[in-house]
Amino acid sequence: MQNTQQYILDNKDKFLAELMDLLKIPSVSADPAYAGDVAKTAEFVKASLESAGCDLVEIHETAGHPIVYAEKMKDPSLPTVLVYGHYDVQPADPVELWDSPPFEPVIKKTDIHPDGAIFARGSCDDKGQMYMHVKAFEAMNASGEVPCNVKFMIEGEEEVGSVNLGKFCKDNVEKLACDVVLISDTSVIANDTPSVTVGLRGLSYVEVEVTGPNKDLHSGVYGGAVGNPVNILCDMIASLKDENNHISIPGFYDNVEVVSAEDREEMNKAPFSLEDYKKSLKIDAVDGEKGYTVLEQTSIRPTLDVNGIWGGYIGEGAKTVLPSQAFAKISMRLVPNQTPDEITELFKSHFESIAPVSVKVKVTPHHGGHAAVTPTNTDEYKAASMAMEKTYGKKPIPQRGGGSIPIVSLFEKVLGTKTVLMGFGLNSDDIHSPNEHYGLFNFYKGIETIPYYFQYYTELKQKQS
Ligand code: BES
Ligand code: MN
Ligand code: MN
């Protein structure tokens with residue numbers, strides 16, 4: 001990989017300039033107003049894979065946003081690595097809380113990123129991390145050091161639940177055949193503490209609607225007698241957790257994977273400072289489920305959180321009104337053995353059952369996904385561990401992540417392939433938040449590390465056969 005690494009050093013500025021261009025296209029998958037920009041981004045990714053040296057690059061239209069597929073097939077007897085990533089991004093709102101416009105990338109230094117970080121929506125999640133793979137491949141290809149077959153599947157709907165990717169995988173099992181799926185869309189513990197993500201949580205996401213009187217009413221004339229849907233929704237939501245922050249939906253924990261005391265002890269050896277954590281979020285205390293550490297609360301335990309809540313008058317000044325309706329969006333992060341359909345059903349029947357007769361309740365499910373756990377005793381994992389040890393000078397710590405990438409469990413089901421989650425972001429990079437950023441150190445460290453993954457994985461697989 002000597003020539004590859006030299007190529008990377010020689011092309012650092014070019015790589016960064018290209019990423020900045022990619023970040024300028026607002027590929028917000030959730031908002032139909034950006035559909036044209038999402039399509040433009042797919043074209044950008046396609047062109048970048050072509051110029052990086054893939055033999056075949058295709059755009060596949062779906063019922064939603066397009067999927068970019070590319071490959072370089074060297075020899076059928078060599079192992080095949082499928083790189084998955086996403087080029088779509090979360091909405092930038094609230095835009096007024098950004099220090100610079102979300103789609104005009106700028107580089108600024110921060111305490112955690114003394115070499116500078118790129119501030120833009122999608123810089124870390126996932127354009128910056130996805131693009132590391134394109135550039136690592138370009139470097140290997142230009143140096144004649146691509147050690148195995150490489151496939152890319154870069155989608156435009158991850159942030160809206162990968163709703164059309166499952167069908168694409170099922171329809172293209174042969175095209176996508178591979179020995180491992182490699183994804184950079186997660187974090188490391190710190191820039192001097194590398195880690196490989198070995199688990200993701202699942203997700204059940206619902207929207208609830210509480211309807212009381214058939215119209216907004218005068219809160220003096222009717223208030224006191226007629227049930228207020230906003231008050232009632234708040235009561236209902238409050239009742240979903242007890243004083244220990246334990247979720248009170250009957251059956252919710254029935255299938256939760258019980259992690260052994262040994263594994264929990266091991267997990268809690270990962271470096272973590274509660275003081276720094278609170279300080280970084282400007283909170284005086286955390287407020288999680290009793291009996292578990294923050295590391296456990298954000299990885300092996302399920303959650304229930306209101307993501308948004310509204311109803312009644314929220315304009316300037318005061319308007320005396322008893323609203324007709326109230327709404328909330330609620331997410332539940334799931335752990336292994338909880339299935340999104342079952343949990344959504346449990347939520348729905350419980351929520352309907354606790355509604356007082358003075359209101360009507362409607363629960364609408366959104367997208368969901370299964371949790372995933374990846375083993376550490378495989379060549380797939382070992383290669384990631386070796387690659388990171390090579391470039392960070394330290395063996396990475398296996399750690400489960402709290403976020404979700406719903407398609408990972410599907411890769412295993414449909415393609416029969418294990419996934420390796422070798423991400424390079426930091427939890428403090430503000431993904432999904434205002435001022436999302438991605439460290440230049442992280443961007444370049446990823447590009448440097450990825451070619452070693454390909455090399456070590458190929459060597460390990462060949463030793464085995
Ligand atoms: N890249 C994230 C997931 C992630 C981030 C996992 C950090 C682990 C650590 C991904 O783009 C994402 O945001 N997923 C969504 C789920 C999706 C169905 C909208 C999530 O986790 O909210
Ligand atoms: Mn992502
Ligand atoms: Mn995301």
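Whatever order the structure lists them in is the order used to number ligands and atoms, beginning at 1.
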In the protein, which heavy atom is nearest to [atom], and how far is it?
atom: atom 19 (C) of ligand 1; answer: E159 O, 3.5 Å
atom: atom 21 (O) of ligand 1; answer: R333 NH1, 2.8 Å
atom: atom 14 (N) of ligand 1; answer: S404 O, 2.8 Å
atom: atom 4 (C) of ligand 1; answer: D185 O, 3.7 Å

Scan the side chains in residues 380-393 for donor-acceptor partners under 3.5 Å anywhere in the protein, sequence neighbours excluded, and list what turns up.
{"residue": "E380", "atom": "OE2", "partner": "Y457", "partner atom": "OH", "Å": "2.6"}
{"residue": "T391", "atom": "OG1", "partner": "A387", "partner atom": "O", "Å": "3.3"}
{"residue": "T391", "atom": "OG1", "partner": "T449", "partner atom": "OG1", "Å": "2.8"}

Could you check whether any side-chain N or O of S299 sits under 3.5 Å from a backbone N or O of R400, counting only pairs where one atom can act as donor and the other as acceptor?
no
Minimum side-chain heavy-atom gap K329-W310 below 4.5 Å
yes
What part of [X], side chain, backbone, both or neither, has a heavy atom within less than 4.0 angstrom of ligand 1?
X: D126; value: neither
X: H432; value: side chain
X: D125; value: side chain
X: P406; value: side chain

Determine whether E138 and K14 satisfy the following criterion, salt bridge (Lys or Arg N to Asp or Glu O under 4.0 Å), listing intermediate values before the conclusion.
CA-CA 12 Å; E138 174 184 322; K14 177 184 93 99; 2.8 Å; yes
Please find out if less than 6.0 Å separates the ring center of Y84 from that of F411.
yes
[X]: heavy atom below 4.0 Å from ligand 1, yes or no?
X: G401; answer: no
X: L200; answer: yes
X: H86; answer: yes
X: I431; answer: yes

So which protein N/O/S atoms does the Mn ion (ligand 3) have within less than 2.8 Å?
D125 OD2, E159 OE1, E159 OE2, H432 NE2
Taking only Lys NZ, Arg NE, NH1 and NH2, and the carboxylate oxygens of Asp or Glu, determine whether K175 and E58 approach each other closer than 4.0 Å.
yes
Summary of ring-ring contact (aromatic ring centres under 6.0 Å, His included) pairs that have at least one residue in residues 151-179, sequence neighbours excluded
H60-F168, F137-F152
Row check, F424 ring normal vs K445 NZ/CZ: under 6.0 Å, within 45°
no
Per the side chain to side chain donor-acceptor pair (under 3.5 Å) rule, what does the pair list look like for residues 406-417, sequence neighbours excluded?
E412-K418
Whether over 12 other heavy atoms sit under 6.0 Å from L281 CG
yes
